[in-house]
Each structure stands twice: as C-alpha cells, then as structure tokens.
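Notes follow once the structure below has been shown.
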Amino acid sequence: MSPLSNAISKFIQNPRQNVTKIIPYLKSRSQPYLRAFYEYLGLEGRSKPYPGHDKLLEFINFRDGFFVVCGGNDGYGFDPTYYLEKFKGWTGIIIEPLPSVAKICQKNRPSSTVFPVALVAHDFKGSEIELYNCNFMSVTEKTSYDIKQWVSSGEKAQNIKTEKISVPAVTLDSILDKGNFNKTIDLLVIDVEGSEEEVLKGFDLAKHKPTNILIEIHNESAKAALEKILLDHYQVLAKITEADYLYQRKT
C-alpha cells in the first residue's frame, strides 16, 4: 500500500481523530505541483527555497550560468541553484549520493545532470564509501563531524531512523574530466555535512577555476582548514547565511 493509500485508509477508519494528520500530508504532497503551476505562470514566490536567496542574488544574478552542486539532496530544499535554473536559465551538475533521493533530484531539476555518488579526496582508497543515510543530514565516514552525535540529532529533528549504506565514491575532478564539461563554472556549491575539505582535496582549483564558491562552514576550525586550501586563489566575498560563505576567484 502506498503512503497516500495508507493515509486515506486510516482517515476513513476514524476521520475525526486523523484529520489533523492527513491534511499536513496532503499539503506536503501537493507542494511540488503547486510550485510547478506557479512557475508555469512565471511566478517566483515558491521557487526560492534557499534561506540566503536575496543576499546571494546581490552577487550572482545573471543569466545562463553554469553551476556544480556538491550535496544536492532532492534538488529543491535549501538549494541556492534551484531559482537560477528555473528563472535565470542556468544549467549544471548536481552530485547527490543517496540513490533514491538522486532520482527525485533529477525529476526536480531536468536541466541538470545528476550524479548519484559521494565525493572523496584523491587519496581515498576504494571505489565505495559508507554513508549514514539521514536524509538532509546524511554524512559519510570521512565527515569531520561527530557521527554519533550528528546522526542522533538528525534522527530527532526529522523523526527518521538512520541506515548505513555503501555508495560509489569518486573525486569531483573525475566527474568533470570524464564528462568533458568544458564550461566555466560560475558557481560551485559545497554542502556536504562536514566533508567539505574532502571534496576540495579531490578537486583541482587551479585547473577548473570556478568563479564563485559557496561553501557551508559550521565552525572556525573548519573555516581555517578550508581557507588554507582556498585563499591562494580566492577571497571572501560575503557571508550569505549563518553558515554559508561566498568566495570569489582573485583576478
């Protein structure tokens, strides 16, 4: 029985008791269709899921750019490139390691190419990596976070149970090189729950030269480690959200 059929069945059995449960479910299921209808009409109101949307557009607001997103989840929630694709004609690459979520991402982002893999450094040994599937808070074994604590907080926040799975592990360089993506990267987004340094160690900044890098950084020690890699070629342009920093390539 599908989730919708199950919800309707429970509602029919006891409408008065379950009405408060089925309405939020139906609203959540209808949101993608309502959003698509708004976009068809050219209305932007439901297409700005990124909390730093307005601030980011102060710096990046041109048409027909190219993005690379590391950690795309479903391609909509909290994604700074969703609006750019839908209303500014951008295209790009999205990396999302959760197989089932990557499929949803591809549906939400038809103008993008989605890769269902996890990103690792060049010195990573092996072709797969363990991933703690915690939906928006999924982490690999290479995360700098305390895995036990992070997963526990993710389970409580989302009311889910984490499972450990193995997923393909590749470097960002290998995706770009094998795919023969020769476009200038106007925006590189790195949001990988504590594995941001791992991603950068699998990516040749001097070769690919992304113009802007938007990266999630949760503490000063992580910021210092990342800027040790970045600051030879990049400068801080702005703090976009509480945890997201925008770096721009030095001219």
Side-chain angles (χ1 to χ4, degrees), residues 2-3 28-40 44 46-53 56 60 65-120 128-140 143 154 157-158 160 162-163 165-172 174-176 178-179 181 183 185-196 198-199 202-203 210 213-216 241 244:
S2 71
S28 68
R29 298 294 290 184
S30 68
Q31 287 307 309
Y33 302 101
L34 187 58
R35 184 172 70 243
F37 178 66
Y38 270 61
E39 290 170 355
Y40 176 76
E44 303 177 355
R46 295 180 177 270
S47 304
K48 301 174 180 178
Y50 179 58
H53 174 86
L56 182 63
I60 300 174
F66 184 78
F67 56 74
V68 174
V69 178
C70 307
N73 203 267
D74 66 0
Y76 176 72
F78 305 105
D79 194 315
T81 64
Y82 181 87
Y83 172 84
L84 296 174
E85 179 176 319
K86 296 298 182 179
F87 285 92
K88 293 292 183 178
W90 284 49
T91 58
I93 296 168
I94 302 176
I95 295 96
E96 170 49 50
L98 291 174
S100 59
V101 179
K103 291 179 181 178
I104 299 172
C105 181
Q106 188 65 81
K107 290 181 180 179
N108 284 332
R109 305 294 293 275
S111 296
S112 301
T113 302
V114 179
F115 291 87
V117 300
L119 296 175
V120 293
E128 293 189 335
I129 190 170
E130 286 192 335
L131 178 75
Y132 293 78
N133 180 359
C134 193
N135 195 24
F136 277 105
M137 297 176 67
S138 298
V139 291
T140 72
T143 183
Q158 302 174 85
I160 59 175
T162 299
E163 62 172 340
I165 62 175
S166 292
V167 297
V170 301
T171 64
L172 183 53
S174 69
I175 290 178
L176 295 171
K178 290 179 182 178
F181 293 101
K183 295 183 179 180
I185 301 173
D186 296 295
L187 178 63
L188 169 64
V189 180
I190 306 177
D191 181 359
V192 288
E193 311 304 330
S195 293
E196 290 77 19
E198 187 80 357
V199 171
F203 178 61
I213 300 176
L214 182 66
I215 187 165
E216 183 182 52
T241 70
D244 290 351

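We number each residue from 1, following the sequence as shown.
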As an exercise, state the distance from [atom1] of [X] to [atom2] of [Y], rounded to the nearest 0.5 Å.
X	Y	atom1	atom2	answer
Ile160	Met137	CD1	CE	9.0 Å
Ile215	Asp244	CD1	CG	9.5 Å
Ile93	Thr81	CD1	OG1	11.5 Å
Asp186	Ile60	CG	CD1	8.0 Å
Tyr82	Arg109	OH	CZ	7.5 Å
Gln106	Thr113	CD	OG1	6.5 Å

Exercise for review: Step by step, work out the side-chain hydrogen bond (donor to acceptor under 3.5 Å, both in side chains) result for Glu85 and Ser112.
Suggested key: CA-CA 8 Å; Glu85 179 176 319; Ser112 301; 2.5 Å; yes
So which heavy atom on [X] is nearest to which on [Y], and how close?
X	Y	result
Thr171	Leu119	C-CD2, 4.0 Å
Ala102	Pro116	CB-CB, 3.9 Å
Leu188	Cys70	CD1-SG, 3.9 Å
Ser138	Leu131	CB-CD1, 4.3 Å
Pro99	Val167	CD-CG1, 4.5 Å
Glu216	Asp191	OE1-OD1, 2.6 Å

**Study point:** CA sep, side-chain torsions, deciding dist, call: Ile175, Ile95, side chain to side chain contact (heavy atoms under 4.5 Å, CB included)
**Key:** CA-CA 9 Å; Ile175 290 178; Ile95 295 96; 3.8 Å; yes
Practice item. Could you tell me whether Asp74 and Lys107 have a side-chain N and a carboxylate O separated by less than 4.0 Å? Key: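 Judged by the 4.0 Å cut-off on N to carboxylate O distance, Asp74 and Lys107 do not form a salt bridge.
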Exercise for review: Could you give me the CA-CA distance, side-chain angles and deciding distance for Tyr83 and Lys88, then say whether side chain to side chain contact (heavy atoms under 4.5 Å, CB included) is met?
Suggested key: CA-CA 7 Å; Tyr83 172 84; Lys88 293 292 183 178; 4.0 Å; yes
Verify, without hydrogens or angle tests, whether [X] (side chain) and [Y] (backbone) share a donor-acceptor contact under 3.5 angstrom.
X	Y	value
Ser174	Val170	no
Glu196	Val192	yes
Glu128	Ala169	no
Ser195	Glu198	no

Check your understanding: Under 6.0 Å from the six-membered ring centre of Tyr76 and within 45° of its axis: does the NZ or CZ of Arg35 meet both?
Key ->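 Here Arg35 passes the 6.0 Å and 45° test against Tyr76.
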Review point. Would Leu34 and Arg46 count as a side chain to side chain contact (heavy atoms under 4.5 Å, CB included) if you check the C-alpha gap in whole Å, the side-chain angles of each, and the deciding distance to 0.1 Å?
Key: CA-CA 8 Å; Leu34 187 58; Arg46 295 180 177 270; 3.2 Å; yes
Point to revise | Chi angles and distances behind the side chain to side chain contact (heavy atoms under 4.5 Å, CB included) call for Phe87, Glu39 | key: CA-CA 8 Å; Phe87 285 92; Glu39 290 170 355; 4.0 Å; yes
Are side-chain heavy atoms of [X] and [Y] found at a separation under 4.5 Å?
X	Y	result
Ile190	Leu214	no
Leu176	Phe203	yes
Phe67	Thr91	no

Check your understanding: Is the closest side-chain donor-acceptor distance between Ser166 and Glu130 under 3.5 Å?
Key ->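 Side-chain D/A pair, Ser166 to Glu130: absent.
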Point to revise | Positive for side chain to side chain contact (heavy atoms under 4.5 Å, CB included) with Phe136, one of Leu98, Asn73, Val101 | key: Asn73
**Study point:** Aromatic centroids of Phe78 and Tyr50 separated by under 6.0 Å
**Key:**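 Ring centroids of Tyr50 and Phe78 are no less than 6.0 Å from each other.
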